[in-house]
Amino acid sequence: MSQFTAMTSPDRLQELVQQLRPRLRNVVGVTIGKGGEGKTTTGVNLSYMLAQEQAYLAEEGHEAKPVLFIELDRNGNGRLDLNILGSEYDDDGHGFVEAVTEDKAFTVVRNVKPYLDMTVAGKANASLPTEISRLAGKHAQAPYLMLAMLLAQISHHYAWIVVDFSPGDESIQRLGLAAVTHLVTPVKNSDDAMIGGLQAVAELVADVRLINPELGIAAIGFLGFKKIDGQATSELDALRVRIEVLLEAAELDPGLVMRDHIRDSRALAVACRNNGMPARELALAANEMLMDEKGEPVPRPRYHTNNRLVEPDKALDLAEDWNTFTGDVIKRVVSRNIELQGAAA
């Protein structure tokens with residue numbers, strides 16, 4: 001980092017960027033420029049479904065690698081979703097922040113779920129914006145590449161790396177956007193604030209082009225909208241059209257808008273978080289198909305508000321939504337990677 005200052009030639013920075021980018025094409029980011037749109041829920045479920053795919057490959061005797069979930073948000077809700085909050089591994093984000101800003105050893109909690117690793121986020125992450133801004137004062141844009149440089153060193157160990165980053169601070173978004181290659185943007189509301197959040201992400205993507213020329217939105221997906229007989233309602237259809245018009249006005253592909261969506265299952269989403277289980281894991285447990293270390297079914301999960309058992313069929317429907325969602329996202333990511341590799345050849 002010390003070799004980069006405000007007077008450093010842009011060519012030297014570009015040399016670093018060109019070295020990093022081919023190593024980061026398996027890195028997927030999840031963000032939107034507004035809170036409350038389900039980014040951590042999306043990041044966790046996407047990571048879990050990708051890890052399940054790797055576990056299946058291993059069972060079939062094929063080569064498999066773990067998936068890494070990284071959360072930059074100081075709320076650290078991924079700890080709840082993956083059931084490590086308050087455990088011996090929960091350092092409130094100190095290890096991750098020190099690895100990014102002080103070049104210390106990168107701390108990863110391994111196998112929080114089968115074939116799924118994670119880094120821990122928490123209160124310590126609140127110091128990241130200040131530290132990045134301080135370094136940027138000395139080293140111009142180079143500090144925004146700190147996470148990218150860290151991930152480039154470990155990306156070959158993972159099938160996929162999923163980075164969930166907060167909309168609350170522009171420096172954190174720049175740090176995340178400089179590291180990822182493909183962006184998934186979740187949408188949970190249909191108000192003007194959400195539209196503003198989408199526009200903010202599009203502007204930031206364009207703004208970091210110098211330090212991440214391969215960054216692009218791969219998918220815009222929808223969470224928490226009703227399904228009737230498996231189909232979207234007129235509310236979601238109208239929202240899709242509205243977003244497609246905005247994309248066309250920004251000279252972006254309206255095909256970025258995903259056709260399927262995650263159904264409105266608020267009680268189940270809360271049950272997932274309270275039980276520390278992504279949607280598919282909750283469905284397996286609700287159907288007595290999730291086994292403990294002794295090979296016995298784990299206790300069926302319950303809603304914490306009324307202690308009722310989670311309905312097996314409803315849990316399966318939600319899990320299938322995430323399965324379809326993940327398949328569509330990865331299809332888009334693989335297609336983008338083919339284009340990037342062709343452009344670089």
Side-chain angles (χ1 to χ4, degrees), residues 17 21 25 27-43 46 141 144 163-227 231-262 264 324-340 342-343:
V17 170
R21 291 322 316 166
R25 289 176 184 155
V27 184
V28 179
V30 181
T31 195
I32 187 172
K34 173 187 175 295
E37 296 294 334
K39 66 177 183 57
T40 300
T41 298
T42 300
L46 180 61
Q141 294 206 62
Y144 296 112
V163 184
D164 160 25
F165 45 102
S166 167
D169 187 277
E170 188 172 306
S171 62
I172 293 295
Q173 285 207 312
R174 286 176 180 270
L175 183 74
L177 290 172
V180 309
T181 299
H182 315 281
L183 203 59
V184 177
T185 301
V187 171
K188 197 176 180 181
N189 296 286
S190 56
D191 54 18
D192 290 343
M194 180 279 299
I195 295 295
L198 273 178
Q199 292 172 327
V201 168
E203 290 169 4
L204 275 172
V205 168
D207 200 35
V208 300
R209 188 66 62 191
L210 179 66
I211 54 176
N212 189 353
E214 293 190 350
L215 175 64
I217 299 173
I220 298 172
F222 301 93
L223 282 67
F225 290 87
K226 290 181 180 179
K227 280 188 176 182
Q231 301 299 314
T233 64
S234 57
E235 176 192 8
L236 180 52
D237 287 338
L239 178 59
R240 281 199 182 105
V241 171
R242 186 180 180 191
I243 293 175
E244 288 168 353
V245 169
L246 288 173
L247 290 172
E248 289 178 336
E251 299 183 346
L252 295 172
D253 181 7
L256 295 174
V257 176
M258 298 175 70
R259 303 320 303 169
D260 212 328
H261 68 281
I262 307 299
D264 180 11
T324 302
F325 181 97
T326 302
D328 192 359
V329 166
I330 295 308
K331 181 179 179 181
R332 293 161 179 260
V333 165
V334 169
S335 177
R336 284 200 76 240
N337 273 339
I338 292 172
E339 292 177 6
L340 292 170

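Asp237 approaches Ala232 most closely through the heavy-atom pair OD1-CB, 3.9 Å. Here the shortest heavy-atom pairing between Asn189 and Leu239 reads O-CD2, 3.9 Å. Shortest non-hydrogen contact noted between Phe222 and Met258 is CE1-O, 3.8 Å. Across all their heavy atoms, Gly176 and Phe165 have their closest contact at C-CZ, 3.8 Å. When all heavy atoms of Pro254 and Leu247 are compared, the pair lying nearest together is CA-CD1, 3.8 Å. The two residues Leu210 and Gln141 make their nearest non-hydrogen contact at CD2-NE2, 3.2 Å.
The CG atom of Leu204 sits 6.0 Å away from atom CZ of Arg174, with the distance rounded to the nearest 0.5 Å. For the atom pair Glu170 CD and Glu203 CD, the distance stands at 9.5 Å (nearest 0.5 Å). Distance check: Ile330 CD1 to His182 NE2 gives 8.5 Å after rounding to the nearest 0.5 Å. Atoms OG1 and NZ, on Thr41 and Lys188 in that order, are 5.5 Å from each other to the nearest 0.5 Å. Rounding to the nearest 0.5 angstrom, the gap separating the CE atom in Met194 from the CD atom in Gln199 is 9.5 Å. With values rounded to the nearest 0.5 angstrom, Leu252 atom CG is found 8.0 Å from Ile220 atom CD1.
The backbone N or O of Leu215 lies less than 3.5 Å from a partner atom in the side chain of Arg209, making a donor-acceptor pair.
Among residues at least two apart or in separate chains, salt bridge (charged side-chain N to carboxylate O under 4.0 Å, His left out) pairs with a member in residues 244-253 are Glu244-Arg259. Residue pairs meeting the salt bridge (charged side-chain N to carboxylate O under 4.0 Å, His left out) criterion with at least one member in residues 324-337, sequence neighbours excluded: Asp328-Arg332.
In this structure Ser171 satisfies the side-chain hydrogen bond (donor to acceptor under 3.5 Å, both in side chains) test together with Asp169, sequence neighbours excluded.
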Inset, instruction - Please assess Val329 against Leu46 for the test side chain to side chain contact (heavy atoms under 4.5 Å, CB included), listing each intermediate value before the final yes or no. - result: CA-CA 9 Å; Val329 166; Leu46 180 61; 4.3 Å; yes
Legend entry - Check against side chain to side chain contact (heavy atoms under 4.5 Å, CB included), Val30 and Thr40: CA-CA 8 Å; Val30 181; Thr40 300; over 6 Å; no
Inset, instruction - Determine, stepwise, if the pair Arg25 / Val333 fulfils side chain to side chain contact (heavy atoms under 4.5 Å, CB included). - result: CA-CA 9 Å; Arg25 289 176 184 155; Val333 165; over 6 Å; no
Inset, instruction - Evaluate the criterion side chain to side chain contact (heavy atoms under 4.5 Å, CB included) for residue pair Asn212 and Leu177; output intermediate values, then yes/no. - result: CA-CA 8 Å; Asn212 189 353; Leu177 290 172; 5.7 Å; no
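Taking the side chain as every heavy atom from C-beta outward, Thr42 and Leu223 approach each other to under 4.5 Å. Using a 4.5 Å heavy-atom threshold, the side chains of Val28 and Val180 count as separate.
No salt bridge links Asp264 with Lys226; every basic N to acidic carboxylate O contact stays at or beyond 4.0 Å.
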